[in-house]
A.B. asks: 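Please see the structure below; I have some questions.
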Amino acid sequence: MIDIKDLRENPEKYRKGAELKGLDVEIARIIDLDEQRVRAQQEFESLRSEQNKQSKEIAKIKEPAAKKEAIAKMGELAGNVKAAEERLKIADAAMQPLLLQIPQPPDDDVPLGKDASENVVLYRWGEPRRFEFKPKSHIELGESLDLMDFKAGANLAGARSYFLKGMGAELHQAVLRLAFDMMTKEKGFTALSVPVLVREIAMQGTGFFPAGREQTYYVQADELYLTGTAEVGLTAYHMNETLEESELPKKYVAVSTCFRREAGTYGKDTAGLYRVHQFDKCEQVVICRNDVEESKKWHREMLGFSEELLQRLKLPYRVIQCCTGDIGVKNASMMDIETWMPSRQHKADPDSGYGETHSASRLYEFQARRLNLRYKGTDAKIRYCHTLNNTVVASPRILIPILENYQNADGSVTIPDALRPYVGNQEKIAVK
RNA sequence: GGAGAGGUGGCAGAGUGGUUGAAUGCGCCGGUUUCGAAAACCGGUCUGCCCGCAAGGGUAGCGGGAGUUCGAAUCUCCCCCUCUCCGCCA
């Protein structure tokens, strides 16, 4: 949500911001409706003021006939008040949905670009492994090592559904647990378990609606939505609250199942674990003071936690600064991490083997405004919080680089050191 | 799923149509007092929006929304939430 006052004063900022994100918005129409709304409010309030004054006079009149006469005179004024209030409501109702569509303008550090192809690689970590044998894809490994079952998944739930099996399911739990433990025990994040079935207000408040409605599963009988990320629960946790500055920053982490319809991706990444309707994700959220520098600091720090996890898993990755056309409606800035997945590499582009595994977003006030999430400063002023979120790890997608990078010539897969404590210290998944 | 009770300011808790943004108590902040503290006493203590450089003024808010009325925390309707009992159940 955008500050209507700021929009009023700097319409160009928001027009430009929307243009950079490749979105069409009706700024002029909103400003026009806003003017109507303010005028209606002024009319209504001055009429109401008069009505309140008269009513107080009536209350004082003791003599019945005089009272009756005074009340009779009020009819017209009451009608005018009602009409003015109606105009105010209509103007407001017309403006709100349009205002919800205005995107957060991209921050200055976001490179210009129309889509993901113009994202910028910031840096890389780790060297992609050179195989002395023909490496298998995670799908082939999954089959030969009996780690996953896509056929059964499709029978039960349709395309993009799967079963994880045996060590496949164990690794899935292990990597989530590693991520969760790192964040809670080492990074000082508060563990939360969040609702994944939520009301519309939570989806709108976190900025997923109206834009992402078609990506979301809807449970009609109860008018609830299945969340595509724990970001919704973590960020909306303090919805409608005024926190104290002294309790900020709030640092939360949760593992949740994530549901995504993946509408409009037909034919894209249809095979394997890369793009699925349901997965589990360990997500980190920070709610901090209304301070751009602090937000930027947290953004880098949260990104660093995800990098640390990948480094512990010894998986090569690269960090991407997403361009204006790829950061979405709600973000001021977004950095992705792409992890090396050998099977995705094709000859035409050697770098194509990097697949997105993480996404770190900085939203400033955008979500906080929609959520009415504020804090009282030490100066007693009330301000909107800033919010940020980032993947710690999402599985089973992360199983792709794990299985593919750790495979051996004999068809077995070595279990990364960091995961062994979570699988009974098993070292290898061997061919049966 | 059935039956009932209830949702008022940071908390507790009055208030059933008329100067009620809301008594009272607690808490919190400031002051007096004290060597200091406690106690006592005095004063202050919600938020959104609009107008205004400001001081200030207006308006809205008693779970949310709609309605009745000259006037609603108080009356009516819908929704949400909490609690109690019964039923069902991972």
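In what follows, chains are A, B, ... by sequence order, proteins preceding strands, each numbered from 1. Just the heavy atoms: all of them, side chains too, but no hydrogens, waters or symmetry mates, feed the values below.
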A.B. asks: In whole Å, I'd like the distance from the CG atom of A/Leu373 to the P atom of B/rG48.
C.D. replies: 14 Å

A.B. asks: If the cut-off is 4.0 Å, is A/Asn52 near the phosphate of B/rU59, judged by side-chain N/O to OP1 or OP2?
C.D. replies: yes

A.B. asks: Provide the distance between the two P atoms, one in B/rC88 and one in B/rC11, to the nearest whole Å.
C.D. replies: 38 Å

A.B. asks: Look at the side chain of A/Gln51 and decide which nucleotide, out of B/rU19, B/rU59, B/rC70, has an atom nearest to it.
C.D. replies: B/rC70

A.B. asks: Could you please name the partner base of B/rA38, counting Watson-Crick and G-U wobble pairs only when both distances are under 3.5 Å?
C.D. replies: none

A.B. asks: Let's test this: given Watson-Crick or G-U wobble pairing with both distances under 3.5 Å, identify the partner of B/rG17.
C.D. replies: none

A.B. asks: If you look at every strand shown and take non-hydrogen atoms under 4.0 Å, does A/Arg374 touch a base, only sugar-phosphate, or nothing?
C.D. replies: sugar-phosphate

A.B. asks: For nucleotides B/rA12 and B/rG31, find the distance between their P atoms and express it as a whole number of Å.
C.D. replies: 30 Å

A.B. asks: Counting any heavy atom closer than 4.0 Å, what does A/Glu57 reach on the DNA or RNA strands: base, sugar-phosphate only, or nothing?
C.D. replies: nothing

A.B. asks: Determine, for A/Glu262 against A/Arg275, whether the closest basic-nitrogen to carboxylate-oxygen distance falls under 4.0 angstrom.
C.D. replies: yes

A.B. asks: A/Arg37 has an atom CZ; how far is it from atom P of B/rU59, in whole Å?
C.D. replies: 18 Å

A.B. asks: If you look at every strand shown and take non-hydrogen atoms under 4.0 Å, does A/Gln42 touch a base, only sugar-phosphate, or nothing?
C.D. replies: sugar-phosphate

A.B. asks: Quick check: on RNA chain B, is the nucleotide nearest A/Ile71 upstream (toward 5') of the one nearest A/Asp34, or the reverse? Name the residue that is more 5'.
C.D. replies: A/Asp34

A.B. asks: For B/rC83 versus B/rG27, give the span between their P atoms, rounded off to a whole number of Å.
C.D. replies: 29 Å

A.B. asks: From NZ of A/Lys68 over to C1' of B/rG18, roughly how many Å is that when rounded to an integer?
C.D. replies: 18 Å

A.B. asks: Between A/Gln367 and A/Thr206, do the side chains contain an N or O donor and an N or O acceptor separated by less than 3.5 Å?
C.D. replies: no

A.B. asks: Find the partner of B/rC89: check Watson-Crick (N1-N3 plus N6-O4 or O6-N4) and G-U wobble (N1-O2, O6-N3) distances, both under 3.5 Å, and reply none if neither fits.
C.D. replies: none

A.B. asks: Tell me whether the side-chain N/O atoms of A/Ser55 come closer than 4.0 Å to OP1 or OP2 in B/rC70.
C.D. replies: no

A.B. asks: Taking A/Arg344 first and then A/Asp269, would you say they form a salt bridge - that is, a charged N and a carboxylate O separated by under 4.0 Å?
C.D. replies: yes

A.B. asks: Need the pair for B/rG71. Rule: Watson-Crick or G-U wobble, both distances under 3.5 Å, any strand; none if unpaired.
C.D. replies: none

A.B. asks: Applying the Watson-Crick and G-U wobble criteria at under 3.5 Å, what pairs with B/rA22? Answer none if nothing qualifies.
C.D. replies: none

A.B. asks: Taking only the P atom of each, what is the distance from B/rG65 to B/rU74 in whole angstrom?
C.D. replies: 13 Å

A.B. asks: Using atom P of each nucleotide, how far apart are B/rC77 and B/rA55 to the nearest Å?
C.D. replies: 46 Å

A.B. asks: Checking A/Tyr364 against A/His299 for the ring pair (Phe, Tyr, Trp, His ring centres under 6.0 Å) test, could you report, in this order, the C-alpha distance in whole Å, the side-chain angles of both residues, the deciding distance, and whether it holds?
C.D. replies: CA-CA 11 Å; A/Tyr364 294 143; A/His299 199 193; 9.0 Å; no

A.B. asks: Which part of the nucleic acid, if any, lies within contact of A/Arg383, taking any heavy atom under 4.0 Å across all strands shown: a base, the sugar-phosphate backbone alone, or nothing?
C.D. replies: nothing

A.B. asks: With P as the reference atom in both, quote the distance from B/rG30 to B/rU19 in angstrom, rounded to an integer.
C.D. replies: 35 Å

A.B. asks: Check the distance between B/rC50's C1' and A/Leu47's CG and give it to me in whole angstrom.
C.D. replies: 14 Å

A.B. asks: Over how many whole Å does the gap from A/Gln96 atom CD to B/rG65 atom C1' extend?
C.D. replies: 16 Å

A.B. asks: Starting at CD of A/Glu85 and ending at C1' of B/rG61, how long is that distance when rounded to a whole Å?
C.D. replies: 13 Å

A.B. asks: Between B/rG58, B/rC50, B/rG18, which one does the side chain of A/Lys5 approach most closely?
C.D. replies: B/rC50

A.B. asks: Assign A/Lys62 to base, sugar-phosphate, or nothing according to its heavy-atom contacts below 4.0 angstrom with the strands shown.
C.D. replies: nothing

A.B. asks: How close or far is atom P of B/rG71 from atom CD of A/Gln54, stated in whole angstroms?
C.D. replies: 12 Å

A.B. asks: Counting only Watson-Crick pairs (N1-N3 plus N6-O4 or O6-N4) and G-U wobbles (N1-O2, O6-N3), all under 3.5 Å, who is the partner of B/rU76?
C.D. replies: B/rA66

A.B. asks: Does A/Lys376 reach a base, just sugar-phosphate, or nothing at all? Heavy atoms under 4.0 Å.
C.D. replies: sugar-phosphate

A.B. asks: On a whole-Å scale, what distance lies between the P atoms belonging to B/rA73 and B/rA60?
C.D. replies: 9 Å

A.B. asks: How is A/Ile382 classified with respect to the nucleic acid when contacts are heavy atoms under 4.0 Å: base, sugar-phosphate, or nothing?
C.D. replies: sugar-phosphate

A.B. asks: In the strands shown, is B/rU47 matched to any nucleotide by a Watson-Crick or G-U wobble pair with both distances under 3.5 Å, and which?
C.D. replies: B/rA60

A.B. asks: Would you indicate which nucleotide in B/rU59, B/rU19, B/rG18 comes nearest to any side-chain atom of A/Ala59?
C.D. replies: B/rG18

A.B. asks: Rounded to the nearest angstrom, tell me the gap between atom CZ in A/Arg48 and atom C1' in B/rC51.
C.D. replies: 19 Å

A.B. asks: Ignoring hydrogens and geometry beyond distance, is a side-chain donor-acceptor pair present between A/Tyr317 and A/Gln311 at under 3.5 Å?
C.D. replies: yes

A.B. asks: For the side chain of A/Ala78, starting at C-beta, report the closest nucleotide among B/rU68, B/rG71, B/rC50.
C.D. replies: B/rG71

A.B. asks: Go through B/rG58, B/rC51, B/rG71 for me and flag the one nearest to the A/Val38 side chain.
C.D. replies: B/rC51

A.B. asks: With the threshold set at 4.0 Å, does a side-chain nitrogen-carboxylate oxygen contact exist between A/Asp280 and A/Arg397?
C.D. replies: no

A.B. asks: So which nucleotide does B/rA5 pair with, by the Watson-Crick or G-U wobble rule with both distances under 3.5 Å?
C.D. replies: B/rU82

A.B. asks: Should A/Lys82 be listed as having a side-chain N or O under 4.0 Å from OP1 or OP2 of B/rU68?
C.D. replies: yes

A.B. asks: Between A/Glu223 and A/Arg199, does at least one N-O distance fall below 4.0 Å, as a salt bridge requires?
C.D. replies: no

A.B. asks: With a 4.0 Å cut-off on N to O distance, would you call A/Glu308 and A/Lys187 a salt bridge?
C.D. replies: yes

A.B. asks: Begin with the C-alpha distance, continue with both residues' side-chain angles, and end with the deciding distance and a verdict on ring pair (Phe, Tyr, Trp, His ring centres under 6.0 Å) for A/Tyr252 and A/Phe189.
C.D. replies: CA-CA 5 Å; A/Tyr252 292 128; A/Phe189 277 58; 8.5 Å; no

A.B. asks: A/Lys53 or A/Lys89: which one's nearest nucleotide on RNA chain B is closer to the 5' end?
C.D. replies: A/Lys53

A.B. asks: Looking only at atom P, what distance separates B/rG67 and B/rU8, rounded to whole Å?
C.D. replies: 25 Å

A.B. asks: Just to be sure I understand the rule, does A/Arg199 reach a base, reach only the sugar-phosphate, or reach nothing, if contact means heavy atoms closer than 4.0 Å?
C.D. replies: sugar-phosphate

